[in-house]
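Counting starts at 1 for both ligands and their atoms, following the listed order.
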Amino acid sequence: MRSFSDMRDFLAEVKRRGRLREFTEPVNKETELMPLFRVQMRGLAEQERGVLLFDDVRGAGGQRYSMKVAAGVYGAASDLLALGLGCESTREAMDRWHEGLSHPVEPVIVSDGPVHEEVHTGKELSELGLDELPVPVEEPGFSCMVRTGMPTITKDPETGLRNVGAYNAFFRGRDRLVTGCAVFHDAMSRHWPKAQKRGEPLPVAVVIGGPPVLMAVASAPIPYGGPDELAVAGGVVGAPMELVRCKTIPLEVPATAEIVIEGLMSTEVTEPLIPFGEYPGYLATEETYLPVIQVTAITHRKNGIFTPITVGMYPSDNNTILSFVYGATLYHHLRYGAGFPVEDVYFPESTAGREFCLIRLRRQRGVDPWSVLHAAAGLMSGAKFVIVVDEDIDVRDNDALLWALSFRFRPEADLEMVYGRAPSLDPSGTPPGSGRGEMVYGASLIQKQHGKVLINAMRKWGYPPVCLPAKEYMERALAIWSKHGDLPQPKLQEPWHGYELGNWTEENREDARLIAQGKYLQVGEKTAKRQRRVTGDMIRDDILMGR
Ligand SMILES: Cc1cc2nc3c(=O)[nH]c(=O)nc-3n(C[C@H](O)[C@H](O)[C@H](O)COP(=O)(O)O)c2cc1C
């Protein structure tokens, strides 16, 4: 397994795999850069999407930036996200994630690191400060401000307990940001009130261009007071993360990060959020007031690389990241915490990686699918739909899911509504102007009027076989197919062969064997012996069967 403790090593690997696309011509960061990124996100298949590297970034006023921009580092595609965790597939990454949560590896502090190659403080901040960073406009024509959505480190002012959360920071001046951290997330709910009580601001460090695993752990619902997110990161990649001490605040940050913004989050002054892109795929327009961050230092590598993040219409970095971290974390809890025979958990990106929770469950005596549904609904406060399917349904394949919902689910018996969901920024949750208000950005607190739909789409009794050729015949067909060099390589969807599901007799098996041997006359002889005369009852039976 490879482990990327440095984003630059990861970019080198992405390049080696032909997924780094470089733009060497001047690109305008206000009007061109993110639209180019959106062209690939809305226009290319996932396996074709990559990291876009912009070498010559210009501002709307024509100014040149010495920093490059790498877009899509953290969530251009789910296989690249897995690669960033040192894995070749999402499946493998889910197992690594479990390893990280169960065997965290504490970070280590080193004396110096590339992130301190350049340090800007004091007067330099008011003269250039955040203007040095080539922050692109995400949705030109609609975005009303620019931001980063990067891992943000804080510590409990009393106990020193660290938290890392991915929060937006909105640019408001050369040395002034406004945090996007919602009031129920750890930095705001646990650290900020303690700082406020002490009459102090809260030190924060925003880490831009850290190793990919940092972004994943920062976005994940890792229980507060459990393992340090940075130790989980170490456990996932199998090596401790190296940290350096910040220059102006009592925090530590990854030594290889591209850029770190050090600052003090006010516990006295707030400023309004104004419209910006959010994960449901709409602009967030609700007016909310959140604390101002006074920047105290900007440190960065020589020729630092800025990493914007797309939050908004799917597919976006945000939705890819949340899809993975929610799926992998719930998989860990259900399978290894509760001991349910869960094979996969998936939150589709188009549902912002949070609204649909799909669980693939192996049948096991004594395991009631409803227990699994209720456990998942309790753990994922935001999910609107929680659906459990059999182990032969690939939850990552929309068609397979619709097939299961069509033929293994009875609306009158297999659906339950439970109340108490956190609608967060779901625009169907609350009408505009209904008061998220001061410091309640996202209004994600669980509210009892908001419902969740639980669906048991598993078979309730024995079913006839899946209607495809049996495995041996499909394998034979594949072997013949592969000898034809001119034919396209098939990518078989599950299920790709027929199999029994409990409703198939010995006689059915025998008939099918005879038919595959070309002996239909023999089967016909048997059915001839079972001929019956037409009766009125028979017609009624046929009508009842809906024929
Ligand atoms: C790109 C990105 C941006 C995010 N921005 C915010 C944000 O501005 N505010 C917020 O409350 N959560 C945001 N989140 C979600 C949090 O990072 C996530 O809920 C995380 O679990 C919070 O960590 P915490 O529980 O340690 O506070 C964002 C997630 C991603 C992936």
[X] to ligand 1, any heavy atom closer than 4.0 Å:
X: Met150; result: no
X: Glu229; result: yes
X: Val325; result: no

Should you measure from each heavy atom of [X], which atoms of ligand 1 turn up under 4.0 Å away?
X: Cys181; answer: 9 (N), 11 (O)
X: Val164; answer: 26 (O)
X: Gly149; answer: 1 (C)
X: Asn168; answer: 5 (N), 6 (C), 7 (C), 8 (O)
X: Gly165; answer: 23 (O)
X: Ala182; answer: 9 (N), 10 (C), 11 (O)

Selection from [options] by shortest heavy-atom distance to [atom]:
atom: atom 4 (C) of ligand 1; options: Ala216, Ala166, Ser189, Ala284; value: Ala166
atom: atom 29 (C) of ligand 1; options: Leu290, Asn318, Leu273; value: Asn318
atom: atom 21 (O) of ligand 1; options: Pro151, Gly382, Ala220; value: Ala220

- Item | Region of Asn163 that comes within reach of ligand 1 [heavy atoms, distance under 4.0 Å] |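 The part of Asn163 near ligand 1 is the side chain, not the backbone.
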
- Message: Does atom OH (Tyr282) have a neighbourhood of more than 12 heavy atoms from anything else shown, all under 6.0 Å?
- Response: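 No, because the 6.0 Å sphere around OH of Tyr282 holds 12 heavy atoms or fewer from other groups.
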
- With side chains defined as the heavy atoms from C-beta onward, is the minimum distance between Lys194 and Lys197 less than 4.5 Å?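 Lys194 vs Lys197: side chains apart.
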
- Message: Could you check whether Arg176 makes a cation-pi contact with Phe171, meaning its NZ or CZ is under 6.0 Å from the centre of the six-membered ring and within 45° of the ring axis?
- Response: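 So Arg176 doesn't make the cation-pi contact.
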
- Query: Is the Trp97 to Tyr331 ring centre distance short of 6.0 Å?
  - Reply: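 No, ring centres 6.0 Å or more apart.
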
- Message: Considering both backbone and side-chain atoms of Met215, is one of its nitrogen or oxygen atoms within less than 3.5 Å of a nitrogen or oxygen in ligand 1?
- Response: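 Min N/O separation from ligand 1 is not below 3.5 Å for Met215.
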
- Query: What residues form a side chain to side chain donor-acceptor pair (under 3.5 Å) with Arg245, not counting sequence neighbours?
  - Reply: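 Residues passing side chain to side chain donor-acceptor pair (under 3.5 Å) with Arg245: none at all.
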
Donor-acceptor pairs are to be reported for all side-chain atoms of residues 129-142 against protein atoms at under 3.5 Å, with residues two or more places apart or in another chain.
from	atom 1	to	atom 2	distance (Å)
Asp131	OD2	Arg174	NE	2.9
Asp131	OD2	Arg174	NH2	3.4
Glu132	OE1	His120	NE2	3.4
Glu132	OE1	His300	NE2	3.4
Glu132	OE2	His300	NE2	2.9
Glu138	OE1	Arg147	NE	3.3
Glu138	OE1	Arg147	NH2	2.6
Glu138	OE2	Arg147	NE	2.8
Glu139	OE1	Ser143	OG	3.2
Glu139	OE2	Arg38	NH2	3.0

- Message: If we count only N and O atoms by modelled type, under 3.5 Å, do the side chains of Glu262 and Thr299 hold a donor and an acceptor together?
- Response: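 No.
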
- Task: Give me the ring orientation class for His98 and Tyr336: parallel if the planes are under 30° apart, tilted from 30 to 60°, perpendicular past 60°.
- Result: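 His98 and Tyr336: parallel rings.
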
- The single option from Tyr326, Phe385, Phe347 passing ring-ring contact (aromatic ring centres under 6.0 Å, His included) against Phe356: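 With Phe356 as partner, ring-ring contact (aromatic ring centres under 6.0 Å, His included) holds for just one option, Phe385.
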
